[in-house]
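A short write-up of the structure that comes next.
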Amino acid sequence: KQERGRMWETEDLNEHKDSEKKHKEKEKTKHKDGSSEKHKDKHKDRDKEKRKEEKVRASGDAKIKKEKENGFSSPPRIKDEPEDDGYFAPPKEDIKPLKRPREEDDADYKPKKIKTEDLKKEKKRKLEEEEVSKETVALGGLEERYPEGIKWKFLEHKGPVFAPPYEPLPENVKFYYDGKVMKLSPKAEEVATFFAKMLDHEYTTKEIFRKNFFKDWRKEMTNEEKNIITNLSKCDFTQMSQYFKAQSEARKQMSKEEKLKIKEENEKLLKEYGFCIMDNHRERIANFKIEPPGLFRGRGNHPKMGMLKRRIMPEDIIINCSKDAKVPSPPTGHKWKEVRHDNKVTWLVSWTENIQGSIKYIMLNPSSRIKGEKDWQKYETARRLKKCVDKIRNQYREDWKSKEMKVRQRAVALYFIDKLALRAGNEKEEGETADTVGCCSLRVEHINLHPELDGQEYVVEFDFLGKDSIRYYNKVPVEKRVFKNLQLFMENKQPEDDLFDRLNTGILNKHLQDLMEGLTAKVFRTYNASITLQQQLKELTAPDENIPAKILSYNRANRAVAILCNHQRAPPKTFEKSMMNLQSKIDAKKEQLADARRDLKSAKADAKVLKDAKTKKVVESKKKAVQRLEEQLMKLEVQATDREENKQIALGTSKLNYLDPRITVAWCKKWGVPIEKIYNKTQREKFAWAIDMADEDYEF
DNA sequence: AGCACTGACTCAGAAACGTCTCA
DNA sequence: GTGAGACGTTTCTGAGTCAGTGC
């Protein structure tokens, strides 16, 4: 059984103090210079370095990686096309702003596409029985139009939308320090409002959050403010907080017209900035709005939570577009940091974020050609793994016996990745992020070995925090050889030592690359998720069930995958209540049904005596009523089961990222389930390529 | 030559938002 | 017919993976 919980939510005081202490030590060594570019000067932990050295020694024999291709199932056939054949910038007038962009888009661009792809189209058309309008997203090797690594030939966009400027609070909203009213400078006030807006959130009670916030807030204060405000606990943000609550309340209470006006403004913004031209398509951009300033909310026990995420200015922004495109103009009085023309990447805009020093991007929507193609490619790689997975499994089982420690560790790790769908587990910089692990970065403290547990032999108990600090807890019986190996790996180690001290993701992936071109650790997740869906669907779908029951089967298959991938969610706040509501509905329905049955019975009795047409008719209608109620009851019960089973499981992530959509499409076609029942509008847009491609015989 | 760094991309759950349903 | 709450959808942005590059 999967248990959910974030360590830090339940951690006891001692642990808390410990992590605090650790963090303070980090701070001391790290922040001496006080520069704002601290993230650049990487802090090296002594232990970590030692560990790394060991690994280095052990991995000296790494094989030289062979030349890597782009992971296509078939090598891309590169057609030599004249540069300007079809890759012109579509004249502006052609790009009509649209209310329902996607559909009309297709109509807009189809003609051009057909022009540029005459031959391919013709071939395709023969294969197609269905809507031609979806062709724009049909893939069938669009990539081959580009030489290796080239992502586009023409790219034009309007640049990002910046966060709205700060609006100072009205005079009557006061801030108090130590019980006394205090007027803050605009900059200090802005940062204070970030905190005030989060006052109801658990974050603001956390020591690290408060400390980080206060430190960064003070940087924004004037000298006088700095002198006065020395203790966060003496700050009273309640008026600010109430003001924002009132504002959001007011927003909810707005009249229809006002709401409509806002909606229209948003649509206008989307129309203008939400699309770009990539080659001869108008494509939706995923995140064209720049992240507004605020307080950093890391997940889990993040050492940087509460730090100030600064406002991004045009001067921070790098614009990427093609040379022959119109460069977006920066807001008046501002300049871009840089304009570049790099067609080996897919992003339109980038900037460097100040918390981790990492780069953020503006990229295209999942429905775009460039994302869809990549997605399709991912599943094709996973399907190639299907063909050789048996061989690979035999190989790593052999490797459990290897004389070389490194090989054994690699083999056991790969076994976990395959069997349990664990993530690869890159090393992370200590003190920069929450302490989470994946397979290669598992530590001794994360597993417990039980030679026997609950009647099973050789059980490994996993308990660690994975991505997003989601807890992975699982007791797994493993093969004896694995168990013995784990015992060996753990010998003479401290709890905080790496379990696989001779292994990292680089070594593992290099090895995988040798086993199959394009194979990496995460392909196993995709493969196992998709193959599980396919198997489960086969197993669970009962041919003569009705549609709701079929959908339940689908959800159950989906759920099996979500459990495998450990996709969890916090139980909805209203879960208990809504469950009870549903139960009372079921009870009511049962009562109705009992009544209806009684009515039917008496009607039948009447009919026996009277034998006239009228009473017969009554019997018929009562029969129908019973039937209808039975159906309704079943539907409700199905719903209840589904919901109960879904309490802590998030289906969305696997559906969106791990399950080959063609399996779903095929299943829908086979059983006559409308695709809309499984995929909503957005999902259908994202998977348009699959809906177009797969027929009911599709096999993953 | 080897590996640390980092850029570019996918994947992740929470929160905000919109819509539907039921009293 | 209406309004509140439930529930599905969309947005947001943080957290991973992985390979290329530059020291």
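What you see below is based on every heavy atom in this structure, not just the backbone, and it leaves out hydrogens, waters and symmetry mates. Chain letters run A, B, ... following the sequence lines, proteins first, then strands; residues in each count from 1.
When the nearest nucleotides of DNA chain C are assigned to A/G438 and A/P292 by heavy-atom distance, the more 5′-ward of the two goes with A/P292. Between A/I370 and A/N266, it is A/I370 whose nearest contact on DNA chain B lies nearer the 5' terminus. Of the residues near DNA chain B, A/I359 and A/N657, the one whose nearest nucleotide (by heavy atom distance) lies more toward the 5' end is A/I359. Between A/V437 and A/E291, the residue anchored nearer the 5' end of DNA chain C, judged by the nucleotide with its closest heavy atom, is A/E291.
A close approach under 4.0 Å does occur between a side-chain nitrogen or oxygen of A/T520 and OP1 or OP2 of C/dC18. Between C/dC18 and A/K522, no contact under 4.0 Å exists linking OP1 or OP2 to a side-chain N or O. Between A/H201 and B/dA14 there is no side-chain polar atom (N or O) within less than 4.0 angstrom of OP1 or OP2. OP1 or OP2 of B/dA12 sits under 4.0 Å from a side-chain N or O of A/R525. Within the 4.0 Å cut-off from OP1 or OP2 of C/dC12, not a single side-chain nitrogen or oxygen of A/N287 is found. Distances shown here put a side-chain N or O of A/R284 below 4.0 Å from the OP1 or OP2 atom of C/dT11. Not one side-chain nitrogen or oxygen of A/S358 sits closer than 4.0 Å to the OP1 or OP2 atom of B/dG7. Distances shorter than 4.0 Å separate none of the side-chain N or O atoms of A/K510 from OP1 or OP2 on C/dC18. Residue A/Y361 has no polar side-chain atom (N or O) positioned under 4.0 Å from OP1 or OP2 of C/dT13. Here A/T346 reaches the OP1 or OP2 of B/dC9: one of its side-chain N or O atoms lies under 4.0 Å away.
Counting only heavy atoms from C-beta outward, the side chains of A/F500 and A/S441 never approach each other to under 4.5 Å.
The aromatic ring centroids of A/F687 and A/Y679 lie less than 6.0 Å from each other. A distance of 6.0 Å or more separates the ring centres of A/F275 and A/H157.
Nearest nucleotide to the side chain of A/R569, out of C/dC18, B/dA12, B/dA14: B/dA14. Of the candidate nucleotides C/dT9, B/dA8, B/dG13, B/dA8 has the atom lying nearest to any side-chain atom of A/D342. Comparing B/dG7, C/dT9, B/dA8 by their nearest atom to the side chain of A/N680 picks out C/dT9. For A/Q356, whose side chain is taken as the heavy atoms from C-beta onward, the closest listed nucleotide among C/dT13, B/dA8, C/dA15 is C/dA15. Proximity note for A/H567 (side chain, C-beta onward) versus C/dT10, B/dC9, B/dG13: the nearest is B/dG13. For A/V345, counting side-chain heavy atoms from C-beta on, the closest listed nucleotide (B/dA12, B/dC9, C/dG14) is B/dC9. When each of B/dG13, C/dG14, C/dC18 is scored by its nearest atom to the side-chain atoms of A/K360, the top-ranked nucleotide is C/dG14. When distances run from any side-chain atom of A/D468 to the nucleotides B/dT10, C/dG16, B/dA12, the shortest one goes to B/dA12. Listed nucleotides B/dT10, C/dG14, C/dG16 differ in distance to A/R299; the shortest reach to its side chain belongs to C/dG14. Distance from the side chain of A/K428 is smallest to C/dG16 among B/dA8, B/dT10, C/dG16.
Residue A/G425 is in sugar-phosphate contact alone, with no base atom involved, counting any heavy-atom pair closer than 4.0 Å across all strands shown. Nucleic acid contact for A/A434: none, since no nucleic acid atom lies under 4.0 Å from a heavy atom of the residue. Across all strands shown, A/G466 has heavy atoms under 4.0 Å from sugar-phosphate atoms exclusively, and none from any base. A/S350 comes within contact range of no nucleotide atom at all, as no heavy-atom separation falls under 4.0 Å.
Per the geometry, NZ belonging to A/K252 stands 16 Å off P belonging to C/dG3, to the nearest Å. Separating the CG atom of A/N426 from the P atom of B/dC5 is a distance of 14 Å, rounded to the nearest angstrom. C/dG14 atom P lies 11 Å from atom CG of A/L295, rounded to whole Å. To the nearest angstrom, C1' of C/dT11 lies 17 Å from CE of A/M363. The distance from atom NZ of A/K681 to atom P of B/dC17 is 18 Å, rounded to the nearest whole Å. One atom, CG of A/L364, and another, P of B/dT10, lie 10 Å apart when rounded to the nearest Å. Atoms CG (A/D375) and P (B/dT10) sit 8 Å apart, rounded to a whole Å. Separating the CG atom of A/D200 from the C1' atom of B/dA15 is a distance of 14 Å, rounded to the nearest angstrom.
Salt-bridge check for A/D660 with A/R662: passed, with a basic side-chain N closer than 4.0 Å to an acidic carboxylate O. Between A/E432 and A/K304 there is a salt bridge, with a side-chain nitrogen of the basic residue lying less than 4.0 Å from a carboxylate oxygen of the acidic one. A/R443 has a carboxylate O that lies under 4.0 Å from a charged side-chain N of A/D435, or vice versa, which qualifies the two as a salt bridge.
Donor-acceptor pairing under 3.5 Å, judged by distance alone, is present between the side chain of A/K467 and the base of B/dC11.
Both tests pass for A/K197 against the ring of A/F244: distance under 6.0 Å to the centre and angle within 45° of the axis.
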Verify ring pair (Phe, Tyr, Trp, His ring centres under 6.0 Å) between A/Y273 and A/F288, making sure each step is shown before the conclusion.
CA-CA 7 Å; A/Y273 294 96; A/F288 58 92; 7.1 Å; no

